[in-house]
Colleague: 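Here it is, the structure in full.
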Protein chains: 2
Amino acid sequence: MAITTEDEGLDAMFGALADRTRRDIVARLAAGDATVTELAAPYPMSVQAISQHLGVLERCGLITRGRHRQTRPCRLEPLALEAAMSWIQESRRTWAERMDLLEAHLDRLREDRQQ
Amino acid sequence: MAITTEDEGLDAMFGALADRTRRDIVARLAAGDATVTELAAPYPMSVQAISQHLGVLERCGLITRGRHRQTRPCRLEPLALEAAMSWIQESRRTWAERMDLLEAHLDRLREDRQQ
DNA sequence: GTCTTGTTTAAGTATCTACTTGAGTTACTC
DNA sequence: GAGTAACTCAAGTAGATACTTAAACAAGAC
């Protein structure tokens with residue numbers, strides 16, 4: 001299931017991060033690669049459920065899964081996080097710009113008043 | 001409906017950002033405050049649907065709604081975005097740290113080999 | 001007061017999501 | 001080969017989500 005547009009990519013990315021278990025897994029993988037069984041161990045849910053969470057993370061590009069003997073070692077792809085990051089930063093940037101303009105505007109008003 | 005733990009806050013925040021319409025609205029509000037009707041205009045859905053989206057954004061702290069005559073002007077609260085931002089940055093930081101350690105480890109191996 | 005505009009609330013529905021259990025696949029061990 | 005471990009796939013289900021329309025509410029205009 002390929003992700004086509006940027007919007008769909010962000011939908012999938014933010015959607016993936018909207019689940020505590022998946023955020024946990026991402027944080028865990030930031031510290032080092034791990035297998036499905038290792039990742040599932042801390043949680044009171046089935047290994048299948050974790051496997052499905054990993055599917056979600058893989059589909060949005062946040063992780064990749066290799067093959068080593070019977071295991072599927074999971075690895076974080078931190079570059080994928082940049083997409084989410086940039087979106088947030090862009091909104092912040094626009095907002096900050098507007099605040100600067102407002103500030104400049106108020107400064108001009110103050111100057112005019114003093115003349 | 002108050003958000004209690006940090007995890008629930010992030011669930012709600014990322015969940016809110018996982019919808020294209022809501023991301024659009026946030027981007028729009030970064031450029032300036034707007035009323036519900038103004039925000040709803042570009043979309044082929046009912047004003048009620050947009051009002052519900054605004055409810056989601058308000059509940060996770062991304063926007064606040066004031067009152068002016070019959071309208072409810074919406075304002076972005078960009079500080080709320082910091083929570084999502086920090087979470088991403090923390091994961092990246094952990095990953096980068098590990099890569100540095102790995103790099104240092106490989107450097108030592110290379111030195112040992114040269115002796 | 002009635003009427004209109006802007007918005008929220010309520011109720012219904014179709015689709016999606018996060019799990020479950022059971023069966024199937026892959027790769028190693030004996 | 002049979003048996004086992006690690007994992008995925010498939011089908012089912014409870015609850016969430018994104019809309020809809022209809023009704024209620026809020027605030028000003030008349």
Side-chain angles (χ1 to χ4, degrees), chain A residues 1-5 7-26 28-29 32-60 62-75, chain B residues 1-5 7-26 28-29 32-60 62-75:
Chain A
M1 191 193 290
I3 282 163
T4 52
T5 73
D7 278 326
E8 284 171 26
L10 286 173
D11 280 5
M13 172 71 65
F14 283 121
L17 296 179
D19 183 280
R20 170 177 173 16
T21 305
R22 286 195 292 262
R23 282 197 308 277
D24 264 12
I25 290 175
V26 168
R28 164 74 188 76
L29 290 176
D33 300 358
T35 67
V36 178
T37 316
E38 284 165 359
L39 290 170
Y43 304 100
M45 67 179 84
S46 67
V47 174
Q48 290 96 315
I50 297 297
S51 179
Q52 285 170 149
H53 280 308
L54 292 171
V56 173
L57 293 172
E58 189 177 39
R59 240 168 281 132
C60 75
L62 267 172
I63 69 167
T64 50
R65 284 187 277 190
R67 225 177 244 290
H68 179 249
R69 298 178 178 254
Q70 301 104 306
T71 69
R72 305 288 317 267
C74 300
R75 165 165 301 170
Chain B
M1 191 192 291
I3 282 163
T4 52
T5 73
D7 278 326
E8 284 171 27
L10 285 172
D11 279 5
M13 172 71 66
F14 283 122
L17 296 179
D19 184 280
R20 171 178 172 16
T21 305
R22 286 194 294 261
R23 283 197 308 278
D24 264 12
I25 290 175
V26 168
R28 164 74 189 76
L29 289 177
D33 301 357
T35 68
V36 179
T37 316
E38 284 165 358
L39 289 170
Y43 303 101
M45 65 179 85
S46 67
V47 174
Q48 291 95 316
I50 297 296
S51 179
Q52 286 171 142
H53 280 308
L54 292 171
V56 173
L57 292 172
E58 189 177 39
R59 241 169 280 132
C60 75
L62 268 172
I63 69 167
T64 51
R65 285 187 277 190
R67 225 176 245 289
H68 179 250
R69 298 179 177 251
Q70 302 105 305
T71 70
R72 306 289 315 270
C74 300
R75 164 165 302 172

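So that the names make sense, note that chain A is the first sequence line, chain B the second, and so on, each numbered from 1.
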Colleague: Rounding to a whole Å, what distance do you find between A/Ile50:CD1 and C/dC19:P?
Modeller: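 Whole-Å distance recorded here is 8 Å.
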Colleague: Between B/Val47 and A/Thr21, who's closer to the 5' end of DNA chain C by nearest nucleotide?
Modeller: B/Val47
Colleague: OP1, OP2 of D/dT8 versus side-chain N and O of A/Arg65: anything below 4.0 Å?
Modeller: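 Looking at the OP1 and OP2 atoms of D/dT8, one of them is under 4.0 Å from a side-chain N or O of A/Arg65.
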Colleague: Tell me which nucleotide among D/dA18, C/dG6, C/dA18 gets nearest to the side chain of B/Asp19.
Modeller: D/dA18
Colleague: Starting at OH of B/Tyr43 and ending at C1' of D/dT20, how long is that distance when rounded to a whole Å?
Modeller: 19 Å
Colleague: Among D/dG28, C/dT20, C/dT26, which nucleotide sits nearest the side chain of B/Gln70?
Modeller: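 Nearest nucleotide to the side chain: D/dG28.
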Colleague: Is it true that A/Arg28 and A/Asp24 make a salt bridge, defined as a side-chain N closer than 4.0 Å to a carboxylate O?
Modeller: no
Colleague: Can you tell which of B/Arg23, B/Arg20, B/Arg22 makes a salt bridge (charged side-chain N to carboxylate O under 4.0 Å, His left out) with A/Asp11?
Modeller: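 Answer to the salt bridge (charged side-chain N to carboxylate O under 4.0 Å, His left out) test with A/Asp11 among B/Arg23, B/Arg20, B/Arg22: B/Arg23.
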Colleague: Examine C/dT20: is either OP1 or OP2 under 4.0 Å from a nitrogen or oxygen in the side chain of A/Ser46? Give yes or no.
Modeller: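 So the side-chain polar atoms of A/Ser46 do come within 4.0 Å of the phosphate oxygens OP1 or OP2 of C/dT20, strictly under.
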Colleague: How close or far is atom P of D/dT17 from atom CZ of A/Phe14, stated in whole angstroms?
Modeller: 17 Å
Colleague: Provide, to the nearest angstrom, the distance between the CZ atom belonging to B/Arg59 and the C1' atom belonging to C/dT9.
Modeller: 12 Å
Colleague: What is the distance, to the nearest angstrom, from the CD atom on B/Glu38 to the C1' atom on C/dG6?
Modeller: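 Nearest whole value for this atom pair: 11 Å.
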Colleague: Let's see if you can work this out: which of D/dA10, D/dA6, D/dC19 has an atom nearest to the side-chain heavy atoms of A/Gln52?
Modeller: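 Minimum distance to the A/Gln52 side chain belongs to D/dA10.
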Colleague: Nearest whole Å is fine: how far is C/dT17 P from B/Asp11 CG?
Modeller: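 That distance rounds to 15 Å.
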Colleague: Rounded to whole angstrom units, what separation is found between the CD1 atom of B/Ile25 and the C1' atom of D/dC19?
Modeller: 14 Å
Colleague: Would you say C/dC28 has OP1 or OP2 under 4.0 Å from some side-chain N or O of A/His68?
Modeller: no
Colleague: Would one find a side-chain N or O of A/Arg72 under 4.0 angstrom from OP1 or OP2 of C/dT26?
Modeller: no
Colleague: Please determine whether side chain to side chain contact (heavy atoms under 4.5 Å, CB included) holds for the pair A/Leu39 and A/Thr35, giving the CA-CA distance in whole Å, both sets of side-chain angles, and the decisive distance to 0.1 Å.
Modeller: CA-CA 6 Å; A/Leu39 290 170; A/Thr35 67; over 6 Å; no
Colleague: Strictly below 4.0 Å: does A/Arg22 bring a side-chain N or O up to OP1 or OP2 of C/dA18?
Modeller: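 Checking C/dA18 against A/Arg22, a side-chain N or O does come within under 4.0 Å of OP1 or OP2.
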Colleague: Here's a test of your reading of the structure: between B/Thr71 and A/Arg67, which maps to the more 5' nucleotide of DNA chain C?
Modeller: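 Taking each residue's closest nucleotide, the earlier one in sequence belongs to B/Thr71.
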Colleague: Can A/Asp19 and A/Val56 be said to form a side chain to side chain contact (heavy atoms under 4.5 Å, CB included), step by step?
Modeller: CA-CA 11 Å; A/Asp19 183 280; A/Val56 173; over 6 Å; no
Colleague: Once you round it to whole Å, what is the distance between P of D/dT17 and NE2 of B/His53?
Modeller: 12 Å
Colleague: Of all the choices, C/dA23, C/dT26, C/dT5, which nucleotide is nearest to the side chain of A/Gln48 once you look at every atom?
Modeller: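 Of the candidates, C/dA23 comes closest.
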Colleague: For B/Val36 and B/Thr71: C-alpha separation, side-chain torsions, deciding distance, then whether side chain to side chain contact (heavy atoms under 4.5 Å, CB included) applies.
Modeller: CA-CA 8 Å; B/Val36 179; B/Thr71 70; over 6 Å; no
